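Quantities reported herein were computed from a predicted structural model and do not represent experimental measurements. Counting starts at 1 for both ligands and their atoms, in listed order.
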Amino acid sequence: MNIYVNDAEYIAGTYARFPLHIVSGKGALVYDETGREYIDLQSGIAVNTFGTADDEWIKAVTDQLKLCQHTSNLFFSDPCVLLAKKLCGITGMKKVFFGNSGAEANECAIKTARKYASDKYGAGRHKIITLENSFHGRTITTLAATGQAVFHKDFTPLTDGFTYAVPGDITTVEEMMKSGETAAVMFELIQGEGGVLPLEHEFVKALAGLAAKYDVLLIADEVQTGNGRTGKYFAYMNYGIAPDIVTTAKGLGGGLPIGAAILGDKVKNTLTSGSHGSTFGGNPAICAGALNIVSRINDELLSGVKRKSEIIIDKLENADGVKSITGMGLMLGIETQREAADVINECRENGVLVIKAKNKVRLLPPLNIPDDLLTKAVDIIARACAKQ
Ligand SMILES: *Cc1c(COP(=O)(O)O)cnc(C)c1O
């Protein structure tokens with residue numbers, strides 16, 4: 001079978017794939033159909049937290065698969081409860097709703113915010129503030145939440161009730177909140193798809209202060225930034241705030257689909273029987289794997305993330321052809337003199353996988369990538385950046 005021809009013929013044309021056919025991998029290495037090796041600095045877009053085909057995670061998933069692969073949410077099951085308890089322990093938050101993706105985690109957060117406001121204040125307080133240049137998902141509602149017009153066109157009308165503020169513009173946020181129509185403010189601490197752009201500390205603190213003042217819920221979209229990616233378990237922990245809802249997905253399952261909305265004290269009892277649900281949400285095998293992943297994101301691993309981040313920054317920040325580096329931990333964006341796409345292609349041709357975020361080269365390596373592989377990969381990136 002010619003994969004390129006058949007993919008073009010049978011797969012919906014939503015992805016501009018790189019010309020690379022990955023068939024296997026181990027840790028931070030992946031292999032194409034000819035056996036050629038690549039150092040993977042994208043982890044399936046921050047999904048493969050401990051790289052490809054991690055032994056411990058495979059064992060956790062397969063042990064559970066052999067017991068029972070699915071129960072439906074009409075019955076009790078251990079792995080999802082253990083995972084929820086673990087996430088509450090890490091965050092100090094109270095309850096968890098499990099879905100299957102980042103978009104669904106955000107949908108749950110949005111529904112929770114609307115119900116919280118409606119339970120407490122009645123109708124008319126349904127608006128959600130999000131930020132310009134944000135990304136929150138591809139469903140009609142999470143597209144509405146996404147503050148980028150380019151994703152909206154062709155799909156209107158989108159879900160009503162979203163208003164966009166410019167990151168840093170706290171005055172406009174306060175105006176919006178004052179009107180008494182706002183249920184929540186939702187934001188990524190580091191805008192990932194938007195170009196690996198961290199929010200300013202001062203802005204985030206001010207946002208949290210206003211949210212508390214106006215009883216507007218603070219929703220941190222940690223779909224990409226969560227699960228150790230930035231050097232803390234969640235990125236909000238770098239900012240000293242306490243969100244009311246934290247959504248996460250990508251890295252949580254270590255490679256299998258799961259999303260979670262973690263609910264704080266204010267909203268712990270907002271969702272009631274029948275108000276939300278998911279057939280696959282809380283799947284036992286995926287949750288057993290996620291529990292293994294979450295349990296391994298400990299202080300030692302997190303200090304490793306920070307150290308590896310410094311290895312990358314030290315090598316690249318003054319390198320030829322590098323204009324700037326943004327991001328935190330192992331979520332970094334490199335602004336290059338050359339077109340990012342050219343650098344990315346050249347890296348791949350030389351055995352290193354990196355991806356794009358807007359005009360930047362985006363690095364999202366596995367959190368446990370060995371230092372020697374990382375160093376080797378970064379040298380290849382540096383050469384690609386320096387080339388005229
Ligand atoms: C990827 C992403 C989403 C969407 O997640 P899916 O699993 O693709 O639905 C939402 N928010 C952020 C910040 C993301 O990076």
Pairwise distance CD1(Ile245) to CE(Met93) - rounded to 0.5 angstrom: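 Rounded to the nearest 0.5 Å, the CD1-CE separation comes to 7.5 Å.
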
With a 4.0 Å cut-off, would you call [X] and [Y] a salt bridge?
X      : Y      : answer
Lys26  : Asp55  : yes
Glu346 : Arg383 : no
Lys268 : Asp265 : yes
Lys387 : Asp342 : no

Pairs under 3.5 Å, N/O atoms on ligand 1 and on the protein: can you put them in a table with the distances?
unit_1	atom_1	unit_2	atom_2	d
ligand 1	7 (O)	Gly102	N	2.8
ligand 1	9 (O)	Gly102	N	3.4
ligand 1	9 (O)	Ala103	N	2.8
ligand 1	11 (N)	Phe135	O	3.3
ligand 1	11 (N)	Asp221	OD1	3.4
ligand 1	11 (N)	Asp221	OD2	2.8
ligand 1	15 (O)	Gln224	NE2	2.8
ligand 1	15 (O)	Lys250	NZ	2.6

Aromatic plane relationship, His276 with Phe97 - under 30° parallel, 30 to 60° tilted, over 60° perpendicular: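 Judged by the thresholds at 30° and 60°, the geometry between Phe97 and His276 is tilted.
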
